[in-house]
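We name chains A, B, ... by the order of the sequence lines, and we start the count at 1 in each one.
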2 protein chains.
Amino acid sequence: MLKTAIDLDRAAMILKLLGDKTRLTMVKILDNHDCCVCEFVEIFKVSQPSISQHLRKLKDVGLVKEERRGQWIFYSINKNNEHYPFTLQVLNQLPDQDYKLRELEEKGNRITCC
Amino acid sequence: MLKTAIDLDRAAMILKLLGDKTRLTMVKILDNHDCCVCEFVEIFKVSQPSISQHLRKLKDVGLVKEERRGQWIFYSINKNNEHYPFTLQVLNQLPDQDYKLRELEEKGNRITCC
DNA sequence: TTAGTATATAACAATTTGCTTATATATACA
DNA sequence: TGTATATATAAGCAAATTGTTATATACTAA
């Protein structure tokens, strides 16, 4: 049994969470960078509540955590979460998504907002 | 970039497929054994159409293939499929599900049926 | 204190999902 | 050939999902 072994029910639950393009991209980005809600709104071009709801789902299983910094709330990966090792094995197979953050920076939106 | 790199849209699509307890278990079992529909019906205790519909989804993306053997149709993993390497990285983290087949054998249902 | 910004939550509509039952098709065998 | 078995497909339904708009909350700064 691998160190990352996870029971099948929980694995299915995590895969379902990751099986959404928006959330999968979020988690991939968060694995390398903290981000706030407004950045994701800009990246995914959907409403702010939609982003908050995706983040809520990720937070509910403990995969991400939030931290207020003044006016903003920053999300980050909770690398201590029991499901993180399993998740990481998935993330490691995905192409880097950091170019999305770089595009924000070039437009000045990363600095302005967060 | 890993050899198994997969574009993010496709990854999300595959993860969504695997993010169902029934399908995830099916694929895990099929990775080691060919199975026919009636075995899955027995294992999962759901209707035969429900099993067929799950298998259909897996077949539609090419992850499994079917082969008629007389009265029965056997499903197996399509290890040549473009999404198999990605899928395998997920499967390798899951606990073995072969005990479910052994339970069938003990009840005589594996031999009788297939 | 008041206005503006960032975020969360509630309520709702449209879509998707996963099951069921009914039925069609294909094979096996008496 | 006629009947039984294995599977697929169609149709219908309830629950879940994902987006939206409206609104509440919390912080910042004038």
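- Closest to the side chain of A/S52, from the set D/dA8, C/dT7, C/dG18, is C/dT7.
- When distances run from any side-chain atom of A/S50 to the nucleotides D/dT20, D/dT18, D/dT28, the shortest one goes to D/dT20.
- One interatomic measurement links the two molecules: CG of A/D20 to C1' of C/dT17, which rounds to 14 Å at whole-angstrom precision.
- Atoms CG (B/L55) and P (C/dC19) sit 12 Å apart, rounded to a whole Å.
- Residue A/K16 places none of its side-chain N or O atoms closer than 4.0 Å to OP1 or OP2 of C/dT17.
- Side-chain N/O atoms of A/Q53 and base N/O atoms of D/dT20 include a donor-acceptor pair closer than 3.5 Å.
- Contact check, A/S47 against D/dG19: no side-chain N or O comes under 4.0 Å of OP1 or OP2.
- We find that CD of B/E67 is positioned 18 Å from P of C/dA26, with the value rounded to whole Å.
- Residue contacts for B/Y75: at a heavy-atom cut-off of 4.0 Å it reaches the sugar-phosphate backbone alone, with no base atom in range.
- Rounded to whole Å, the distance from CG on A/L58 to P on C/dA8 is 12 Å.
- Rounding to whole angstrom units, CZ of residue B/F74 and P of D/dA8 are separated by 12 Å.
- Going from atom CH2 of A/W72 over to atom C1' of D/dA26 covers 14 Å, rounded to whole Å.
- Rounded to an integer number of Å, the gap from B/K45 NZ to C/dT20 P is 13 Å.
- Atoms CG and CG, from A/L8 and B/D96 in turn, are 10.5 Å apart once rounded to the nearest 0.5 Å.
- The shortest distance between the side-chain N/O atoms of B/H54 and the OP1/OP2 oxygens of C/dC19 is below 4.0 Å.
- Of the possible donor and acceptor atoms, one in the side chain of B/R23 sits under 3.5 Å from a partner among the backbone N and O of B/L17.
- Listed candidates were C/dG4, D/dT7, C/dG18. Nearest to the side chain of B/C38 is D/dT7.
- Considering only side-chain atoms of A/I73, the nucleotide from C/dC19, C/dT20, C/dA8 that sits closest is C/dA8.
- Not one N or O on the side chain of B/K100 forms a donor-acceptor pair closer than 3.5 Å with the backbone of B/I29.
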Q.
Using side-chain contact (heavy atoms from CB on, under 4.5 Å), reason through B/V27 and B/L91 one step at a time and then give a plain yes or no.
A. CA-CA 8 Å; B/V27 173; B/L91 297 184; 3.6 Å; yes
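- Of the side-chain N and O atoms in A/R56, one or more sit less than 4.0 angstrom from OP1 or OP2 of C/dT9.
- For A/R68, whose side chain is taken as the heavy atoms from C-beta onward, the closest listed nucleotide among D/dC27, D/dA8, C/dT27 is D/dC27.
- Looking at B/R102 and B/D98, no side-chain N of the basic residue comes within less than 4.0 Å of a carboxylate O on the acidic one, giving no salt bridge.
- The two residues A/C35 and A/L101 make their nearest non-hydrogen contact at SG-CD2, 3.9 Å.
- No contact: A/R69 has no heavy atom under 4.0 Å from any strand.
- When each of B/Q71 and B/E66 is assigned the nucleotide of DNA chain D with its nearest heavy atom, B/Q71 is the one assigned upstream, toward the 5' end.
- The residue A/K57 sits close only to the backbone: its heavy atoms come under 4.0 Å of sugar-phosphate atoms, none of a base.
- Following rounding to the nearest Å, A/Q48 (CD) and D/dG19 (P) show an atom-to-atom distance of 13 Å.
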